[in-house]
Amino acid sequence: MSWCHEQLLPADRARQQLEPAAADAVRAYAARTRESADRLAAVLEEIAANGLPSAEDCSPWEELREAHLARLVARRPAVA
């Protein structure tokens, strides 16, 4: 039994099964989360092995923020 199960559910309560579509959505979210964690781990390992990159090799956070906001706006449906 996992620690999560022990903390969140009393032993005498049955678990509610997810609908297949919901279970697929949870698995997809887990895969995306795992992929993001792996990318972050790779970056941190690179920093640990080689140090921080120079400022000239980095993108200013303002540019990153603006690019992210533009992606969010592009995904947002247009309001009539």
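All heavy atoms count here, side chains included; hydrogens, waters and symmetry mates do not.
- With values rounded to the nearest 0.5 angstrom, E56 atom CD is found 8.5 Å from C58 atom SG.
- A continuous path of ILVMFWY side-chain contacts below 4.5 Å connects L52 to V43, so both sit in one hydrophobic cluster.
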- prompt: Do R71 and H68 pass the side-chain hydrogen bond (donor to acceptor under 3.5 Å, both in side chains) test, and can you show the C-alpha distance, the side-chain angles, and the key distance before you say yes or no?
  reply: CA-CA 5 Å; R71 283 191 304 273; H68 181 66; 3.3 Å; yes

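- A distance of 13.0 Å separates CZ of R39 from CG of L44, quoted to the nearest 0.5 Å.
- The side-chain contact (heavy atoms from CB on, under 4.5 Å) test applied to R75 returns L72, not counting sequence neighbours.
- Evaluation of the side-chain contact (heavy atoms from CB on, under 4.5 Å) rule for P60 yields E62, E63 as partners, not counting sequence neighbours.
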